[in-house]
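Since the structure comes first, as structure tokens, the remarks are kept for the end.
Bear in mind that the values here come from a model prediction, so they are computed numbers and not experimental data.
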Amino acid sequence: MSDRGFQPRALGEIAIRCADMRAMVAFYEDVIGLERLSGDHNSAITFFRIGPGFGGHTQVLALFHHTAAPRPGLHPAGAGRPTTGAGSSLHHIALSLPFQEQEAVLRWYDQLGQPYRVEQFSWIGWRGIFTEDPEGNTVELVAYDTSMQDQA
């Protein structure tokens, strides 16, 4: 613990402003496999469980339709459709899973015809499988690959 007196321990939430809730909800539920906690494709906000989180706060992905009413002082006022993909300030979302499940990801994406690419990060021992959601945001399923320990 630093002189600050606190240390973040886990990711609490990722929130994405989006234009096409139907496509985005279907992608994160049906393609990525996240459990929906609330909302649906007709909701202004839909929450998905990522993992158990820390201190009782579940790690979540939240989709906010760009027309959802902003909360003053908390959310920026909507200025029309959000900029996504390469024009967005969001670089990518990375979700962790066991390395042993990455082959299942590749088979699933092939079965769905979901485009992807695989990258090795030997300097840290990770392998990521990258794809894009319906609005062009990059989504990575990343795992620690123990076989890279010998290559580093």
Side-chain angles (χ1 to χ4, degrees), residues 2 4-99 101-121 123-124 126-145:
S2 72
R4 287 183 306 274
F6 69 90
Q7 178 65 45
R9 306 288 196 299
L11 177 68
E13 178 177 306
I14 300 168
I16 301 174
R17 289 181 60 239
C18 55
D20 187 342
M21 286 295 278
R22 178 176 298 279
M24 293 290 278
V25 168
F27 176 82
Y28 285 100
E29 188 168 39
D30 301 335
V31 177
I32 299 298
L34 296 180
E35 173 192 355
R36 188 166 14 109
L37 295 174
S38 69
D40 62 22
H41 64 275
N42 290 315
S43 302
I45 304 170
T46 300
F47 286 90
F48 292 92
R49 179 187 320 275
I50 295 173
F54 179 81
H57 186 286
T58 303
Q59 293 180 27
V60 298
L61 167 69
L63 301 178
F64 286 73
H65 191 267
H66 70 92
T67 60
R71 291 176 57 194
L74 181 60
H75 302 122
R81 295 175 67 94
T83 301
T84 60
S88 170
S89 63
L90 174 68
H91 188 274
H92 73 285
I93 299 167
L95 303 171
S96 299
L97 72 167
F99 182 76
E101 293 180 13
Q102 283 200 329
E103 289 305 314
V105 172
L106 300 177
R107 286 191 303 274
W108 179 244
Y109 285 177
D110 286 340
Q111 180 181 333
L112 296 176
Q114 179 72 32
Y116 64 87
R117 70 182 188 286
V118 178
E119 292 190 31
Q120 306 275 358
F121 303 95
W123 67 274
I124 198 162
W126 299 344
R127 183 173 91 161
I129 303 170
F130 293 83
T131 191
E132 290 184 1
D133 71 19
E135 295 196 357
N137 300 300
T138 300
V139 179
E140 176 188 11
L141 296 180
V142 64
Y144 181 70
D145 180 357

Under the rule for side-chain hydrogen bond (donor to acceptor under 3.5 Å, both in side chains), what residues qualify as partners of [X], not counting sequence neighbours?
X: Gln120; answer: none
X: Gln111; answer: none
X: Glu101; answer: none
X: Arg117; answer: Glu119

Heavy atoms only: give me the nearest [X]-[Y] pair and the separation to one decimal.
X: Pro134; Y: Met24; answer: CD-SD, 3.8 Å
X: Ala143; Y: Pro98; answer: CB-C, 3.9 Å
X: Met21; Y: His41; answer: CB-O, 3.4 Å
X: Glu13; Y: Ala62; answer: OE2-CB, 4.1 Å
X: Trp108; Y: Val31; answer: NE1-O, 3.0 Å

**Report entry** Interatomic distance, Ile129 atom CD1 to Leu97 atom CG [nearest 0.5 angstrom]
**Finding:**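 Going from the CD1 atom of Ile129 to the CG atom of Leu97 covers 7.0 Å.
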Query raised in the report: What is the distance from atom CZ of Phe54 to atom CG of Leu11, rounded to the nearest 0.5 Å?
Result: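 So the gap between those two atoms works out to 13.5 Å.
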So, using salt bridge (charged side-chain N to carboxylate O under 4.0 Å, His left out) as the criterion, who are the partners of [X] when residues are at least two apart?
X: Arg22; value: none
X: Glu29; value: Arg36
X: Glu132; value: none

Requested in this report: Report yes or no: does Thr131 contribute a side-chain atom to a donor-acceptor pair with the main-chain N or O of Val139 at less than 3.5 Å?
Outcome: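 No; zero donor-acceptor contacts below 3.5 Å.
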Query raised in the report: Taking the side chain from Glu135 and the backbone from Ala23, do they hold a donor-acceptor pair closer than 3.5 Å?
Result: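 Looks like no, no N/O pair under 3.5 Å.
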Solution key, residues 42-51 side-chain donor-acceptor pairs under 3.5 Å, sequence neighbours excluded:
unit_1, atom_1, unit_2, atom_2, d
Ser43, OG, Asp40, N, 2.9
Ser43, OG, Asp40, OD1, 3.3
Thr46, OG1, Asp40, N, 3.3
Thr46, OG1, Asp40, O, 2.9
Arg49, NE, Glu35, OE1, 2.9

Which residues pass the ring pair (Phe, Tyr, Trp, His ring centres under 6.0 Å) test with [X], not counting sequence neighbours?
X: Phe121; answer: none
X: Phe99; answer: none
X: Phe130; answer: His92

Less than 4.5 Å apart, side chain to side chain, heavy atoms only: is that true for [X] and [Y]?
X: Leu141; Y: Tyr109; result: yes
X: Tyr28; Y: Ile93; result: yes
X: Leu95; Y: Leu61; result: no
X: Thr138; Y: His91; result: no

Report task. Among residues two or more places apart or on two chains, list those pairs meeting side-chain hydrogen bond (donor to acceptor under 3.5 Å, both in side chains) that have a residue in residues 51-65. Result ->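 Non-adjacent pairs meeting side-chain hydrogen bond (donor to acceptor under 3.5 Å, both in side chains): His65-Thr67.
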